[in-house]
Number of protein chains: 2
Amino acid sequence: MDATTASESGIGTGPALPGGAAHVGPRVRALRTERGMSLSELARRASVGKATLSGLEAGTRNPTLDTLHAVAAALGVALTALVAGGGSPRIRGAAVDMELLRVFDDGPATYELYRMRIPAGAEQTSPAHHPGVTEHATVFAGELRAGRLDAPGVVGPGGYLEWAADAPHGYAAVGSGDVHASLLIRYPT
Amino acid sequence: MDATTASESGIGTGPALPGGAAHVGPRVRALRTERGMSLSELARRASVGKATLSGLEAGTRNPTLDTLHAVAAALGVALTALVAGGGSPRIRGAAVDMELLRVFDDGPATYELYRMRIPAGAEQTSPAHHPGVTEHATVFAGELRAGRLDAPGVVGPGGYLEWAADAPHGYAAVGSGDVHASLLIRYPT
DNA sequence: CGCGCGCGTTCCGTAAACGGAACGATCGGG
DNA sequence: CCCGATCGTTCCGTTTACGGAACGCGCGCG
């Protein structure tokens with residue numbers, strides 16, 4: 001499917017969360033605990049009240065921009081890292097559900113970075129791209145079979161696959177669980 | 001540097017008081033006028049008060065996340081487009097400049113996806129992480145040498161490297177050009 | 001000309017986000 | 001076993017962001 005060609009229906013499944021606000025809380029909590037930081041300590045470093053931070057992580061509050069800025073700075077991350085995802089374009093194919101995270105436009109090529117999800121057992125093929133286009137997948141969870149149809153590769157969590165996309169290629173979740181992966185597509189200019 | 005260590009050594013805590021909101025206001029105004037939309041009309045579409053929007057664009061208010069979400073949606077842009085840039089703290093080490101793009105926290109592990117830049121010729125080491133943590137780099141441009149200090153790998157554009165981060169490791173741009181890459185860090189739970 | 005419509009700003013009462021303090025729970029040391 | 005320290009949550013008074021209404025202004029039409 002490869003983003004650009006994806007369009008067919010796979011429809012369904014869209015609970016469509018009410019707002020991205022609910023996502024910010026867990027993300028802050030994840031970033032905080034990864035750093036081994038307590039709620040009290042992060043509140044202190046960010047100069048916000050513990051009640052504010054507690055409510056923010058729990059999703060029971062509606063934080064102001066100042067609060068988000070202070071927390072992001074204390075975590076050492078960009079504010080975009082806390083709020084990313086809410087409005088990202090989604091691309092749904094027959095089997096593959098991709099979310100465009102970022103477009104890199106520097107250098108002699110353009111890169112599109114996607115997060116990819118494939119339900120267990122699902123499979124999908126994609127037609128050839130222009131010459132020189134390559135795809136790079138890093139698997140987070142599940143067992144991914146992907147690559148050119150004549151020479152696919154299979155990898156599990158932590159694994160990596162890449163292939164030239166100027167020939168028909170496909171993606172499949174061959175294990176018992178859904179596949180979660182990141183997909184980087186490189187378009188030479 | 002790896003995020004976790006960067007937050008401690010790096011920019012971290014700062015006042016960041018005026019910076020945030022001051023940048024968002026003009027950006028909203030620019031996006032609105034580009035679309036030939038009046039303030040009243042955008043307020044109506046976003047279901048926010050005109051006073052709220054007026055103060056937001058003027059920078060005299062401190063908008064909540066809900067307000068920002070509503071305005072971003074009505075403008076048809078991702079929330080990140082409103083808050084991107086403006087004084088966003090980068091994670092800057094001795095040589096490596098990293099930007100956290102996304103955190104995935106829904107699997108049996110937490111993943112942090114970074115964009116990484118290393119100036120030509122620069123080099124940096126990072127202390128060990130917790131056991132089980134792995135890092136995965138995909139090179140966009142330049143020649144990257146990275147991995148555990150006792151067994152680093154070297155790859156060019158399109159190349160991929162991975163290593164266990166529970167031992168000291170490093171990153172270096174060994175070619176004549178800057179290195180641009182994506183770095184995925186996996187934290188088992 | 002006068003009138004109506006829509007513009008962006010300002011005023012105002014209400015809802016809620018804020019920081020500080022108090023709370024029970026948990027942990028480690030004497 | 002008790003005690004102090006720190007954890008995260010909850011309560012509370014203050015601050016303030018919110019939406020609705022009123023305001024002054026500029027424009028186009030009858």
Side-chain angles (χ1 to χ4, degrees), chain A residues 17-75 79 82-83 86, chain B residues 4 7-8 12-75 79 82-83 86 103 105 110 130 187 189:
Chain A
L17 301 141
H23 281 344
V24 174
R27 202 158 317 174
V28 168
R29 179 156 291 187
L31 288 166
R32 175 173 66 79
T33 54
E34 276 171 17
R35 288 159 175 67
M37 207 181 301
S38 72
L39 186 148
S40 304
E41 186 180 353
L42 178 56
R44 222 177 305 121
R45 291 203 199 188
S47 299
V48 304
K50 294 200 295 178
T52 299
L53 188 53
S54 178
L56 191 162
E57 290 191 356
T60 60
R61 282 207 192 182
N62 177 20
T64 62
L65 185 57
D66 271 0
T67 298
L68 291 171
H69 245 111
V71 171
L75 286 170
L79 177 50
L82 299 186
V83 300
Chain B
T4 53
S7 62
E8 288 149 20
T13 333
L17 218 167
H23 283 74
V24 173
R27 200 159 318 180
V28 169
R29 177 155 291 186
L31 289 167
R32 175 172 65 80
T33 54
E34 275 172 18
R35 289 161 174 68
M37 207 181 300
S38 73
L39 187 149
S40 303
E41 185 180 353
L42 177 57
R44 223 177 305 123
R45 291 201 200 187
S47 299
V48 304
K50 294 201 294 176
T52 300
L53 189 53
S54 177
L56 190 162
E57 290 191 356
T60 60
R61 281 208 193 180
N62 178 20
T64 61
L65 186 57
D66 272 0
T67 298
L68 291 171
H69 247 110
V71 171
L75 286 170
L79 178 48
L82 298 187
V83 300
V103 178
D105 55 3
T110 301
H130 297 304
Y187 300 90
T189 42

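Lettering follows sequence order; numbering is per chain, from 1. For the numbers below, each heavy atom of this structure counts, side chains included, while hydrogens, waters and symmetry mates do not.
- Contact annotation: the side chain of B:Leu65 approaches that of B:Leu79 to within less than 4.5 Å [non-hydrogen atoms, C-beta and beyond].
- Atom CG in A:Asn62 sits about 12 Å away from atom C1' in C:dA15, given to the nearest Å.
- Phosphate contact (OP1/OP2 of D:dC18, side-chain N/O of B:Thr64, threshold under 4.0 Å): present.
- Note: CG (A:Leu65) to P (D:dT16) measures 16 Å, nearest angstrom.
- A:Pro63 has its side chain out of reach of A:Thr52: every pair of non-hydrogen atoms, C-beta onward, lies at least 4.5 Å apart.
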statement: Its contact letters, B for base, S for sugar-phosphate only and - for none at protein heavy atoms under 4.0 Å, make nucleotides 7-12 of chain C read SBBBB-

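- Between the A:Thr33 side chain and the A:Arg29 main chain, a donor and an acceptor come within less than 3.5 Å of each other.
- Summary for the helix from C:dC1-D:dG30 to C:dG30-D:dC1: the axes at its two ends, each from 5 pairs, differ by 10° when rounded to the nearest 10 degrees.
- Whole-Å rounding puts the A:Asp66 CG to C:dA16 C1' distance at 16 Å.
- Between B:Glu57 and B:Arg32 there is a salt bridge, with a side-chain nitrogen of the basic residue lying less than 4.0 Å from a carboxylate oxygen of the acidic one.
- At least one donor-acceptor pair closer than 3.5 Å links the side chain of A:Asn62 to the backbone N or O of B:Asp66.
- Rounded to an integer number of Å, the gap from CG of A:Leu53 to P of D:dG8 is 9 Å.
- Between B:Thr67 and D:dC18 there is a side-chain N or O to OP1 or OP2 distance below 4.0 Å.
- Nearest heavy-atom pair across B:Ala46 and B:Ala70 is O-CB, 3.5 Å.
- A 4.5 Å side-chain heavy-atom check between B:Val48 and B:Leu42 finds every atom pair outside the cut-off.
- With rounding to whole Å, A:Leu56 atom CG is found 12 Å from D:dT9 atom P.
- Taken to the nearest 0.5 Å, the OG1 atom of A:Thr64 stands 11.0 Å off from the NE2 atom of A:His69.
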